[in-house]
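Because only heavy atoms are used, hydrogens play no part in the values below, and waters and symmetry mates are left out as well, while side chains stay in.
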Amino acid sequence: MVLLTVHKCEPGTADAAQGAEAAPVKTVLFHPVGSGDLIFSQKSSLEVPADFIEGLDAARRGDRPLRKVFDGLAAAGLDVDAVVLLGTVNSHRPGVKPYAAHAHDLRRALCHLPSAFGRQSSPVHVRVAEIAEPTIRHSVGPCRAVLADMKPAECLLTFGAGSFALGVGALMAALEADVPATLVPVDDVASAYRLTDLIDPRDRLYDWLLRHRFWDELAELDPDGAEIWRLLAARQRADTGPAVQAAQTCGVAGLTSGQLAKLAELWPTVQAAFFERAARGEVIDQSLLRAWFGEQLSRRLEREREKLPRQTREAITDLVARLTRRDVERGTATLIRRARQRLPRTVTGQCAAMLRDTDLEQFYAAAATHNARFSGPLPATVIEQAEAWERGDLVPRLVSSRNRTAWPVLGSGDVLVLMGVGLPRDDRDFDRQDMEALRKVISWASACRDGLPRRGRVRLRLLASSESADRARTLATWARSFLSEVDGEAEVVSPLPTGPGDVDEVRARIRTALEAAGPPTGRSGSGSLRDVDEVILIINPGKPVIGHGMIAAGVEWSLTAACILRVGELSRDRGVQPILRKGGRVLRRLGADPLVARLAKGALQRLDVLTALRLLEQGSPRVDSVREATARLHRHLYGDPDPAVDLAARRTLARQRLYLVTRVLSAEPWPACHLAIESLRPSLFDWQTWQHIKATSPALRELERLRNASPYAHLLDKLRQRRDAAVLPPTKHHIAQLLARAIADLGGNDHTGKDDALFLQYERVWAELHRLAASLP
């Protein structure tokens with residue numbers, strides 16, 4: 001498949017030595033210099049490749065990689081404007097000079113010996129990019145600098161000669177610079193291709209919304225199922241009102257009466273809201289966690305009441321009662337810690353296990369900050385109860401009725417690792433180095449897995465050609481001994497083709513092998529690789545076409561699994577290092593960026609700024625600016641200002657926050673009530689100051705009263721009172737009036753007229769997210 005679209009134009013990069021002026025470059029060719037360019041043996045000790053001298057060894061000139069590339073481009077009627085030779089400065093064979101020095105010799109030959117390569121270039125059109133070591137992480141920077149200086153419209157990247165790592169580094173740099181890159185096999189220029197043409201991000205948005213349970217956005221994307229998705233969205237907000245109203249009227253198409261009744265029950269709703277929001281790192285306010293914790297502990301107490309010692313039973317009963325008290329101390333993690341300290345060591349059972357889960361206590365304490373974001377493994381009690389709840393949850397069945405498959409609510413905790421296998425070498429310590437390399441790969445993958453909501457398995461897939469299949473099977477056997485320590489598996493995907501034009505076939509065979517692991521079920525424990533929480537690519541020596549096919553397959557599978565993608569490099573010294581910042585985020589430009597921008601935009605429209613921020617952290621460096629702007633917006637909306645900020649300035653901030661809530665959420669009365677108060681307390685005003693401010697503002701008092709009556713607040717109180725009936729929300733008009741009066745009350749005689757400052761900041765972030773999301777096909 002020929003994807004070259006190179007344009008012939010006037011050449012134009014400035015050569016520093018000659019100080020020449022240059023016109024803009026349209027097309028640049030990156031070429032890693034290798035032994036094939038030098039026409040001498042790998043073990044040669046020659047200092048100067050004599051064949052660069054005019055007239056010597058003419059018979060072998062056609063074997064040179066650059067000559068093949070130039071001839072292939074000429075046959076297609078194409079040309080390039082500039083050439084960048086990639087060479088390392090570290091010393092190694094062939095010869096005694098580093099490849100960077102040979103690259104400079106090549107540059108002179110290109111500029112002065114037309115018969116050597118079939119073309120002659122001006123010195124201003126040929127550059128040498130000197131690279132510290134033959135690794136991806138060292139080559140990206142120099143290639144990035146060249147692209148930033150030349151600003152080409154497109155670039156060509158040769159492979160099949162020279163260092164594969166340098167070529168991948170050039171690919172990474174092109175992706176980061178948003179320059180279209182075509183991969184050109186030196187042995188078959190006509191088989192050139194672009195990875196972007198092998199990866200289709202279309203139709204993936206539905207799965208991303210489904211996996212991360214963005215029900216509101218699914219209602220927009222799937223109008224036929226909109227009623228179902230909106231009920232699930234209300235459930236995620238711990239709001240049974242819409243389900244109760246639907247059950248009392250004409251029902252909902254696609255839902256049985258039993259399913260609708262289940263959605264109208266408060267305790268299943270609280271559980272769903274808690275697990276779904278905790279799984280994606282969303283803010284968990286203390287009301288929701290307190291409701292889940294208190295009800296869960298109460299239910300355990302009822303089951304064990306007769307078995308517990310009297311003092312233990314009284315301590316737990318007292319804790320449950322105090323969690324419902326309406327005073328300042330109510331719900332603090334200190335109460336849980338005190339109850340745990342009163343437990344005799346000899347007491348066992350479910351209540352004791354829950355109170356002794358110190359991770360859960362810390363989780364509870366963090367929720368009291370009102371803006372905590374959770375990452376890493378969830379407490380064991382949460383995972384245990386999520387699995388029990390999930391077995392009876394209706395989401396897998398509802399999603400299946402829409403011809404889709406859900407994901408486990410907390411994910412699988414699994415990490416998929418794709419890694420190519422090259423041919424063996426003659427090194428004496430080769431076996432030992434291989435084992436050490438595998439240990440490092442598995443350790444890195446295990447560390448990534450340990451940052452997920454639950455701890456799953458490391459699932460290694462070794463990719464091999466027919467020539468390297470035996471070695472891959474040996475490596476898989478070694479890997480299984482390492483993986484037994486961290487819970488994992490190792491399998492071989494083979495044979496993979498190695499022809500220059502076989503990259504799409506490699507991608508397809510890898511995908512087939514991944515699908516063969518088993519079908520997903522929508523619940524925990526299916527074993528399907530579709531349910532993995534992360535995909536990791538280890539780029540290492542091996543056939544370049546398999547490496548490129550692995551990249552395409554890995555990016556595509558991360559879109560299929562709707563999960564994060566990481567990239568690591570297995571360097572020549574057998575060490576595993578992340579590529580670029582944050583483990584190869586640049587590859588996410590190939591598909592994930594528009595998806596995460598669309599999801600982040602939806603979260604921002606609900607003023608769930610932390611979820612938007614977390615989503616943007618899964619994007620490439622292209623989203624860094626909007627991610628930083630989102631982080632600033634979160635600080636300004638929910639953050640606690642410096643203690644030195646006086647009350648007048650805090651009132652100004654409060655007005656700005658309420659104005660933003662008015663403009664964004666006034667059409668959603670319950671969320672508006674809840675966030676209006678949450679954005680002011682406790683970050684801006686302490687308890688005493690808040691009581692004084694409320695005393696002078698009837699509007700704020702009414703907003704707080706409505707907030708306390710909303711589905712978000714005092715959930716435990718409602719559970720204990722068995723209040724399953726829906727409370728109707730106030731009207732949009734009433735909330736808009738209250739917010740306007742509250743803003744005026746906070747202004748007093750010191751109104752600055754800058755109430756829209758935070759809203760304008762919000763609009764800028766939203767517009768940038770909209771622009772990024774618009775690139776989704």
Side-chain angles (χ1 to χ4, degrees), residues 135-137 140 165 168-169 171-173 175-176 195 199 201 204 208 211-212 280-281 375-377 411-420 437-463 479 483 486 488-490 507 510 514 529-540 547-571 575-593 595-596 614-624 627:
T135 66
I136 300 170
R137 62 185 183 276
V140 171
V168 175
L171 172 63
M172 295 284 193
L175 288 171
E176 187 173 358
L195 289 180
I199 301 162
R204 307 301 177 96
W208 278 71
R211 166 147 209 179
H212 299 281
R280 68 187 191 196
S375 60
S412 65
D414 291 349
V415 172
L416 169 65
V417 183
L418 299 181
M419 175 178 168
L438 279 171
R439 283 195 184 97
K440 290 184 176 180
V441 168
I442 292 168
S443 294
W444 189 44
S446 298
C448 294
R449 177 201 55 185
D450 291 343
L452 297 171
R454 62 184 300 154
R455 193 175 190 272
R457 311 181 73 207
V458 174
R459 310 183 70 178
L460 176 65
R461 295 296 184 268
L462 298 175
L463 316 177
L483 286 163
V486 298
E489 65 187 38
R507 178 200 61 79
I510 294 173
L514 299 180
L529 288 174
R530 197 279 321 235
D531 290 346
V532 297
D533 290 341
E534 289 191 7
V535 174
I536 297 177
L537 307 182
I538 301 295
I539 298 177
N540 59 310
H548 292 151
M550 179 186 72
I551 292 173
V555 172
E556 185 180 58
W557 196 257
S558 72
L559 294 175
T560 298
C563 70
I564 193 171
L565 174 72
R566 297 183 189 270
V567 184
E569 175 182 8
L570 188 60
S571 60
V576 179
Q577 297 290 338
I579 296 173
L580 306 179
R581 295 167 295 166
K582 299 199 176 180
R585 288 173 50 221
V586 69
L587 277 184
R588 301 173 201 173
R589 293 190 80 130
L590 292 172
D593 277 358
L595 294 167
V596 299
R614 184 173 182 268
L615 287 163
L616 291 170
E617 288 171 349
Q618 298 188 35
S620 78
R622 176 169 55 177
V623 306
D624 279 353
R627 178 179 55 79

Q | Spacing of H212 atom NE2 and C563 atom SG [to the nearest 0.5 Å] | A | 8.0 Å

Q: Check A479 against L460 and note the closest heavy-atom contact, atom names and distance.
A: CB-CD2, 3.8 Å

Q: Under the side chain to side chain donor-acceptor pair (under 3.5 Å) rule, collect the residues that match up with Q618, sequence neighbours excluded.
A: none

Q: Work out which heavy atom in R530 is nearest to a heavy atom in A561; give both atom names and the distance.
A: O-CB, 3.3 Å

Q: Kindly write out the residues that satisfy side-chain contact (heavy atoms from CB on, under 4.5 Å) with H548, not counting sequence neighbours, or none if the list is empty.
A: F159, F164, L183, Y193, L195, V503

(Q) Going by the rule side-chain contact (heavy atoms from CB on, under 4.5 Å), which residues pair with S412 if we only count those two or more places apart in sequence or in a different chain? (A) D414, D531, D533

**Q.** Beyond-backbone contact of L438 with M419, side-chain heavy atoms, under 4.5 angstrom
**A.** yes

Q: Drop me the distance from M172's CE to S620's OG, to the nearest 0.5 angstrom.
A: 11.5 Å

Q. Does R204 reach the main-chain N or O of A562 with its side chain, forming a donor-acceptor pair under 3.5 Å?
A. no

Q) Roughly how far, to the nearest 0.5 Å, is CG of L537 from OG of S558? A) 8.0 Å

Q) Does V458 have any side-chain contact (heavy atoms from CB on, under 4.5 Å) partners at least two apart in sequence or in another chain, and if so, which? A) V417, A445, S446, R449, L483

(Q) So if I apply the side chain to side chain contact (heavy atoms under 4.5 Å, CB included) rule between V168 and each of T135, V140, I539, which one comes out positive? (A) I539

Q. How about I536 and W444: do any of their side-chain heavy atoms sit closer than 4.5 Å?
A. yes

Q) Can you name the side chain to side chain donor-acceptor pair (under 3.5 Å) partners of R454, sequence neighbours left out? A) E387, S524

Q: Over all heavy atoms of both residues, which pair between G411 and R211 is shortest? Give the atoms and the distance, please.
A: CA-NH2, 4.0 Å

Q) Which is it for W557 and L529 under the side-chain contact (heavy atoms from CB on, under 4.5 Å) test, yes or no, and what are the steps along the way? A) CA-CA 9 Å; W557 196 257; L529 288 174; 4.0 Å; yes

Q: Using a strict 4.0 Å threshold on nitrogen-to-oxygen distance, state whether E534 and R459 make a salt bridge.
A: no

(Q) How long is the straight-line distance from CD1 of I551 back to CG of L171, given to the nearest 0.5 Å? (A) 6.0 Å

Q) Between R461 and E489, is any pair of side-chain heavy atoms under 4.5 Å apart? A) yes

Q. Which residues pass the side-chain contact (heavy atoms from CB on, under 4.5 Å) test with A165, sequence neighbours left out?
A. I136, S163, E569

**Q.** Separation between CG of L463 and CE of M550, rounded to the nearest 0.5 Å
**A.** 6.5 Å

